[in-house]
Structures are given as structure tokens and as C-alpha cells.
Amino acid sequence: MSTTNDDFPTDRPAVVTCGLPYANGDLHIGHLRGYIGADAFSRALETLGQETAYVSGSDMHGTPIAVNAEQEGVDPEDFALEWHEQYAETFPKFNVEFDNYGHTHDETNTELTREIVRTLDEEGYIYEKEIQVAYDPDADQYLPDRYVEGTCPYCGAKARGDECDEGCQRHLEPGEVEDPKSTVTGNPAEYRGRTHKFFEVSEFADFLTEFLDGLEGTSNARNQPRQWIEEGLQDWCLTRDMEWGIDYPNGDNETTEDIVLYVWVDAPVEYISSTKQYAERVGTDEYDWRRVWEDDGEIVHIIGRDIIQHHTIFWPAMLEGADYNTPRAVAATGFITINGKGLSTSRNRAIWANEYLDEDFHPDLLRYYLTTTGGLQQDVDFSWDAFQEKVNGELVGTVGNFWYRSLLFAYRNYEGTPETDVSEEVSERIEGAIGDTREAVNDYSLRDIGQAATQLAQFGNEYIQRNEPWKLTDDDPERAAQVIRDCVQIAKAVGVLLEPIAPEKAQHLWEQLGETGDVADAHLEDALEAPPRTFDEPGELFAKIEDDRVDELNEKLAERVAAAGGDEDEGEGEETETETDDTTTDESTAMADTDALEPLLEDRIGFEDFQELDIRVGRIESAEGIDGADDLAKLEVDIGFETRQIVAGIKQLHDLGELPGEKCILLANMEPAELFGVESNGMILAAGDEADLLTTHDAAVIGEKVQ
RNA sequence: AGCGGGAUGGGAUAGCCAGGAGAUUCCGGCGGGCUCAUAACCCGCAGACCGGUAGUUCAAAUCUACCUCCCGCUACCA
């Protein structure tokens with residue numbers, strides 16, 4: 001370990017994986033970024049001449065699937081399989097071609113997972129411990145992971161049973177979450193003692209530190225786990241009280257019936273299982289999966305940044321403990337935003353995989369966009385406008401145009417590739433691009449892989465323009481042939497170099513050049529090999545995206561988000577800055593010492609600004625506390641036109657039973673918000689920390705405007 | 001308030017890990033050229049004291065410390 005790795009290509013077999021798709025819902029552009037990225041990277045490795053397998057599989061276990069299946073009243077296996085099949089059908093449509101795509105519930109993975117756990121057990125890395133497990137007395141069942149919600153013991157945020165997903169992002173061990181509540185019945189859960197299996201991750205701290213020192217990929221995948229190690233590693237509970245999953249192996253062939261392995265135990269093992277399935281299909285002479293996983297192969301994981309911990313702590317520790325090879329690289333991608341805002345499936349602010357396909361855009365366009373916009377670990381914004389700009393500018397204008405003009409010129413004047421050698425200037429330039437590509441792969445930079453190709457095409461445009469062969473065909477036919485010969489070579493080179501990113505388009509070019517076979521099988525050197533002497537009339541490979549098309553797409557998206565109750569207003573929220581200048585004070589009624597009061601704002605607002613506030617008189621119809629919140633109460637408030645549900649932070653400050661019937665003053669055009677899962681549609685006005693409710697003293701009518 | 005990511009010409013981005021030439025590329029603006037090509041392509045011009053302050057150094061966009069601001073997820077909503 002920790003010695004410097006040889007550059008790709010090496011003489012060892014490599015495996016590239018993407019994070020396992022969780023068989024629980026539709027795929028969107030955020031998922032696609034990972035699968036396409038890993039696909040492109042594995043293709044690029046092959047172009048370098050590296051022997052590579054690209055494998056993955058659906059992640060079938062875990063509580064979310066169990067919970068969702070239960071809600072739909074179907075078997076978890078059927079539920080997950082249905083998604084699994086849908087995924088398997090979707091990937092090829094994006095030219096994501098796995099050498100093997102399995103799933104975690106299949107025989108191979110079940111066996112291999114048990115075997116690895118058995119080994120860890122034999123090696124003494126697993127021990128038993130009784131822990132407190134949340135239990136729902138009403139439903140008479142234990143509540144692993146997401147069957148339970150509560151409070152994070154570290155940061156106090158609301159957390160799921162397995163992870164502080166909204167707060168500090170920490171992985172939570174069973175029994176850690178405080179104030180547990182059952183997600184099955186909503187009732188408070190109680191903790192009961194149960195015996196579970198633990199993996200001694202803490203024993204691997206030194207190993208992991210060294211492992212991280214030698215780990216390639218993105219920096220976030222190295223730095224984040226270092227902090228966790230410094231803070232002290234906790235042992236990892238491997239088992240759960242539930243039925244859906246892989247039974248814990250006991251002894252030789254026995255399994256323990258009432259506990260299963262935690263989903264994150266068997267999920268990464270699928271990387272190995274899937275590789276194994278691939279090797280068994282093509283023959284282990286063809287691809288030596290044991291060498292990869294048990295000896296010295298190159299393992300590259302491309303994942304989302306939300307699962308760094310699993311891939312840089314638990315997984316390498318498992319591999320090391322069971323005497324397997326550990327990853328060479330973990331590359332963690334950033335997230336995708338849509339029009340500058342966070343992708344949100346619940347708000348339907350997302351570009352869905354099927355939606356993209358229904359719009360009939362070529363998959364390679366999206367591949368190009370997702371891999372070359374921003375660095376791998378950067379968050380990348382998607383908008384149809386940017387998509388159009390990128391496609392029209394770079395793919396149509398630069399690459400497509402160069403391909404077409406070169407081949408067309410060559411076809412018309414020479415019926416193919418002119419018979420002469422490539423000039424030195426051009427072959428050197430192509431070699432430069434080859435070098436850039438090699439470097440980009442070794443930097444795990446997909447963007448640079450794409451850029452090497454695009455920039456070569458740009459050079460091609462420049463070259464043909466500078467030499468003006470259309471002027472030379474009559475005056476200096478030899479020179480003209482030379483220039484076109486060069487251009488055809490550049491075109492071919494661009495195809496070879498762009499194949500990882502845009503495989504299908506590159507293949508079309510390949511065929512236009514009269515090449516046989518697949519461009520996917522071409523290696524870097526082939527960029528310098530002459531294309532066939534003759535080829536047919538070429539066609540345009542990329543089409544422009546028109547403006548009205550983009551308008552249409554933007555509208556569709558906006559409508560959809562609005563329909564899902566989104567917030568496309570935001571307008572001009574003129575946040576008045578709370579100047580802490582002590583603009584002196586108030587002469588108000590009460591006895592408060594002014595130091596304790598919030599200073600008056602200096603900025604004045606106009607009457608128009610005030611008019612934007614729709615303040616109304618309302619009457620509280622009902623009030624009840626919100627479970628789990630100290631202060632929040634859910635109110636139903638009659639405002640004349642309608643009754644609004646409003647969340648207010650007054651639970652402890654008022655006797656909720658006395659509120660119904662009370663008049664109150666509220667801001668009616670407050671942007672809706674969600675608190676503790678409860679929608680709040682307006683804001684009750686109250687004074688100070690004691691939430692002294694504002695009201696009217698005379699006969700104001702419900703719904704009347706305050707001005 | 002917590003966690004994460006940022007701040008580079010009008011917009012978007014690279015360079016930062018391994019400090020040193022005129023700070024990259026794309027879009028947009030302005031001017032010119034070409035006509036083989038999808039009103040494409042090529043050339044030129046304008047435009048950035050690389051968020052701020054202090055430090056390390058012969059040398060800082062790049063390293064260190066502090067600060068400010070932005071974005072995402074989250075948010076006990078007055």
C-alpha cells in the first residue's frame with residue numbers, strides 16, 4: 001500500500017464500479033451522473049489499453065425497500081426486482097454498458113457475502129454484544145434503521161435510525177438515536193436488549209490511515225474519512241432484526257434466522273460478485289476476477305459523495321479483514337442542481353431519466369454535458385439553457401462541424417482519404433491530445449478527457465481554415481490533398497478520443513470513415529492510423545437544439561415544479577440587513593431595558609413595500625402540539641376566505657386548549673414552509689420571546705386586512 | 001444555528017493538491033476574414049488589481065491564519 005501506483009494503463013486487470021442503484025424508485029439525472037461517469041471512465045481506461053471490467057448491480061435490501069414494499073402490500077423481493085429490471089433496461093439507453101449487472105439478492109452475492117462474513121468471524125474481527133434495539137410494542141416488531149426516527153445524539157437534529165441525514169451526516173449505530181419513534185405506527189418506541197454482531201472497525205484505524213494515504217481519486221474521498229478516523233472509529237453493527245436481507249451465517253451452513261446482515265454489508269460485496277459473474281461468463285482466462293479482488297488488480301470505485309464513509313472506512317476494512325485486495329481509487333462525484341437549485345424529487349424539480357429519453361435527445365448529449373461540465377467532485381448545475389449552449393457550441397459547432405466539413409470535402413474531392421502521409425505538425429498535435437487523454441484518465445478527470453477531444457477538433461477547424469484547401473484544389477492539388485489528409489486523420493483521432501464520452505456518435509463517425517469493427521475497441525495509437533482509402537458520403541452527426549425547444553422544456557419543468565407545490569416565486573426577498581448599530585431607542589410603554597431589545601432597523605421601507613404584506617385578522621379554530629417539537633403547535637386559523645393550517649412556535653407559551661376562538665393577526669401571504677413535516681401556510685404575529693399574541697380589541701371582522 | 005461546496009473579466013468555468021513566463025476555455029459584446037461546413041468556422045479587440053486582511057517566501061490565484069459574502073441540504077417560523 002501507500003507506494004505510488006503505476007500510471008494507467010498497467011498490466012493488471014482493472015474493475016470500475018459505480019454506486020449500486022438502490023431498487024426503490026425512478027432514476028434521475030443525479031443518479032445518471034454517476035453511472036455515466038463510471039461508464040465513461042471505464043471506456044477511457046480501455047482506450048488506453050487497460051484491461052477493464054465495468055460492473056455494478058441493484059441494491060435490493062435494507063429497510064426503505066422493506067418499508068415501501070410493505071406499504072404497497074407486495075413482497076420486498078418482487079418490489080426490488082421490478083425496479084432492478086427497469087434499471088437494467090434503462091442503462092443501455094444512455095449507452096451505459098455494464099460488463100455485468102447483477103443484484104445483491106442473487107445467489108452469487110448471497111454466498112460470497114456469507115463467506116466474507118464467516119472469514120471475518122474466523123479471523124476474530126466479529127464479536128457479539130447486547131444492544132438496545134428500538135421496539136414497537138403495538139406492532140410487536142423490532143425497528144431497525146429507518147423503521148425508527150428520533151434525535152441525533154451528536155448534533156440534536158432530527159435523524160433517521162441509521163444516519164443523521166439532516167444534520168451532521170453521521171452514520172448512527174442501532175440504539176444511538178434518542179427519543180425513538182416508530183415509523184410504522186408513529187408511536188414512541190421502546191428500547192429492548194438484543195444480541196447483535198459487531199465488526200471491529202476500530203482495529204483498522206492504522207490500516208485505514210495508510211490506505212487513505214495511498215488512495216487515488218478525488219480529494220473529498222480522502223479528507224473526510226481522515227477526520228472520522230481522528231475522532232475515533234466505532235465498531236460497526238453488522239446485523240438487523242428483520243426478515244428482508246441476507247441471513248447471518250452461523251457456523252458452516254447454518255444461518256441465524258431472526259437476524260439478517262445490514263444492507264451495507266452485502267451491498268459492496270456485489271462489486272466482487274458482479275465481477276465474478278462477468279468472469280464466469282467470459283471465462284476466467286479471459287478475465288481473472290480473483291487477481292483483481294484477491295491479488296493486485298486495479299479497483300476503482302466511482303460513487304456519490306454521500307456514501308464516502310462506506311467506501312473509505314467500512315468497505316476497505318472488510319476487504320482487509322477478509323484478506324481481499326483494497327481499492328486503488330475512490331472518486332466521489334458532486335451533486336446535480338437544477339437551474340441553480342437543489343434537485344428535489346419530492347418537489348419534482350428533477351430531470352428524470354425517462355423524461356430525457358422521451359424528449360428524444362441523444363444520450364451522448366447528456367453524457368457529454370454531465371461529464372464535461374465542471375469537475376468530477378464539483379456540484380454541477382443542469383439547465384436546459386446551458387444544455388443547449390453546450391450542445392450547440394461544442395458538439396454541433398466544434399466537433400460535429402469539423403467532422404462533417406472534413407469528411408465531406410474528402411469525399412467530394414478524393415472519395416475518401418487522400419493518398420499521402422499525415423504532416424508532422426498534425427501528427428504531433430494528435431500525439432499531444434493522446435498525451436492529454438492519458439493524463440486526464442490518470443487524474444480521474446472526465447472533463448479533461450472530453451476536453452482533449454474537443455480541443456483537438458477545435459485545432460482541426462483552425463487548421464482547415466488556416467490552409468483553405470478549397471482554394472488549393474485547383475492551384476496546388478498536392479497541397480490540398482495533404483491538408484485534407486491531415487483533417488481526416490484529426491477527425492478520426494477526435495472520434496477515438498471522444499468515444500468514452502460519446503460512444504454512439506463516435507461509432508457513427510467510425511462507420512462514416514469506412515472503418516470496420518467498433519471504435520470502442522480502438523486504442524489511443526489508432527488515432528494515428530490511417531482510415532480506409534475510400535468512404536461514402538458523410539452526414540451530419542449532431543443537430544442543433546432550437547431556442548423554442550428550450551423555451552418549451554423550461555416551461556414544462558416550471559409547470560411540473562409548480563404542480564408539485566414548489567416555490568418558483570422567491571421574487572425579491574429584500575432581506576433588510578439587521579444593522580447592529582445602536583440606533584437609539586424606543587420610548588415604548590413597557591419596562592424593558594433597551595439593551596435587551598433588538599435594535600431598530602435603520603433602513604426605511606416605502607409604502608409599497610408595506611403593501612406587499614397581506615396582514616389579516618384571523619380566528620384560531622384549533623390548536624394542537626406537534627409531536628417531537630418542543631415549541632411548535634399546529635393551528636387551524638379561519639381567515640374568512642378559507643381556513644389555513646399554520647405552524648407557530650407557541651406550544652409551551654400558551655395553553656393550547658385556550659387558543660381556539662381567539663382572534664389573531666397573521667401574515668397571509670407568507671411563503672409556505674414545512675416544519676417537522678407539517679405544512680405552514682402563513683405566519684401568526686406575536687411579540688417577543690414570550691410570543692404574546694397580537695389581536696384586535698374591537699369588532700374587526702375575520703379576514704379583514706390590517707393596514 | 002449545523003454540515004458540505006464555493007468566491008477568478010458582463011455570465012459560466014480552469015488553474016490551487018506538487019508556489020515562479022503575457023491567468024485558461026466557453027458564452028456574450030465589438031471589429032474583421034472565409035465560404036469547404038449545420039447563419040457554421042477562423043482571426044483580432046475590449047474586459048479580472050484572481051472575495052478581504054495579515055503572514056510565510058527571492059516569488060502567492062496557488063501555502064498558513066483570521067474575516068466577509070454566496071450556494072446546497074437542513075431549519076423549533078417570530
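Residue numbering restarts at 1 for every chain, and letters A, B, ... go by the order of the sequence lines. This is a predicted model, so every value here is computed, not measured.
- For the atom pair OH of A:Y411 and CD1 of A:I484, the computed distance is 15.5 Å after rounding to the nearest 0.5 Å.
- A:Y368 and A:T454 form a side-chain donor-acceptor contact under 3.5 Å, judged by distance and modelled atom types alone.
- Side chains of A:N5 and A:E216 form a contact here, defined as non-hydrogen atoms less than 4.5 Å apart.
- A:N401 has its CG atom 15 Å from the P atom of B:C26, to the nearest Å.
- OP1 or OP2 of B:A40 lies within a sub-4.0 Å distance of a side-chain N or O belonging to A:K544.
- The residue A:Q377 sits apart from the nucleic acid: no heavy atom pair falls under 4.0 Å.
- Here A:R405 does not reach the OP1 or OP2 of B:U35: none of its side-chain N or O atoms lies under 4.0 Å away.
- Rounded to an integer number of Å, the gap from A:I338 CD1 to B:C73 P is 12 Å.
- For the OP1/OP2 pair of B:C26 and a distance below 4.0 Å, the side-chain nitrogens and oxygens of A:Q458 include at least one atom meeting the criterion.
- A gap of 31 Å separates the C1' atoms of B:C73 and B:C63, to the nearest Å.
- For the P atom pair drawn from B:C70 and B:G28, the interatomic distance equals 30 Å after rounding to whole Å.
- With centroids closer than 5.5 Å and planes inclined by less than 30 degrees as the test, A:F409 and the base of B:C36 fail to qualify as a stacked pair.
- As rounded to the nearest Å, B:C3 and B:G44 have C1' atoms that lie 48 Å from one another.
- Atom CZ of A:R412 is separated from atom P of B:A37 by 5 Å (rounded to the nearest Å).
- The CZ atom of A:F387 sits 17 Å away from the C1' atom of B:C27 (whole-angstrom rounding).
- A:D385 and A:N554 share a side-chain donor-acceptor pair at under 3.5 Å.
- Look at the C1' atom in both B:A1 and B:G11: the space between them is 33 Å, to the nearest Å.
- Listed for the A:D381 side chain is a donor-acceptor partner under 3.5 Å among the backbone atoms of A:N339.
- Atom CD1 of A:I308 and atom P of B:C3 are 16 Å apart (whole Å).
- Among B:C43, B:A40, B:G33, the nucleotide with an atom closest to any side-chain atom of A:E462 is B:C43.
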Which pairs, protein N/O on one side and nucleotides 11-19 of chain B N/O on the other, fall under 3.5 Å?
from  : atom 1 : to     : atom 2 : distance (Å)
B:A14 : OP1    : A:R447 : NH1    : 3.4
B:A14 : O3'    : A:R447 : NH2    : 3.2

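- Side-chain contact, A:Q388 with A:D547: a donor N or O sits under 3.5 Å from an acceptor N or O.
- Spacing of P atoms, B:G6 relative to B:A14, comes out at 9 Å, to the nearest Å.
- Comparing B:A7 with B:U13, their P atoms are spaced 9 Å from each other, to the whole Å.
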Note to self: Set out, in order, the CA-CA distance, both residues' side-chain angles and the distance that settles side chain to side chain donor-acceptor pair (under 3.5 Å) for A:D486 and A:Y463, then state yes or no.
What the structure shows: CA-CA 9 Å; A:D486 284 340; A:Y463 186 79; 2.5 Å; yes
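- If A:E394 and A:L541 are placed on RNA chain B by their nearest nucleotide, the residue sitting closer to the 5' end is A:E394.
- Atoms CD1 (A:I545) and P (B:A40) sit 14 Å apart, rounded to a whole Å.
- Side-chain N/O atoms of A:Q512 and A:D536 include no donor and acceptor closer than 3.5 Å.
- The residue among A:R466 and A:V396 whose nearest nucleotide of RNA chain B lies closer to the 5′ end is A:V396.
- Nucleotides B:C49 and B:U68 have their P atoms positioned 23 Å apart, rounded to a whole Å.
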Checklist line | Pair assignment for RNA chain B - dot-bracket with | for other-strand partners, Watson-Crick or G-U under 3.5 Å | finding: (((((((..(((.......[....))).(((((.......))))).....(((((..]....))))))))))))....
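- A:Q388 has its CD atom 18 Å from the P atom of B:C26, to the nearest Å.
- Between atom CG of residue A:L541 and atom CG of residue A:N401 there is a gap of 11.5 Å, rounded to the nearest 0.5 Å.
- When heavy atoms are screened at a 4.0 angstrom cut-off, A:K471 is found touching the sugar-phosphate backbone but no base atom.
- Looking at A:H31, its side chain does come within 3.5 Å of a backbone N or O of A:H28 through a donor-acceptor pair.
- A:F542 comes within 4.0 angstrom of a base, heavy atoms only.
- Of the N and O atoms on the side chains of A:Q489 and A:R485, at least one donor lies less than 3.5 Å from an acceptor on the other residue.
- B:A60 sits 6 Å from B:G19 when the C1' atoms are compared, rounded to a whole Å.
- Atoms CG (A:N461) and C1' (B:U35) sit 14 Å apart, rounded to a whole Å.
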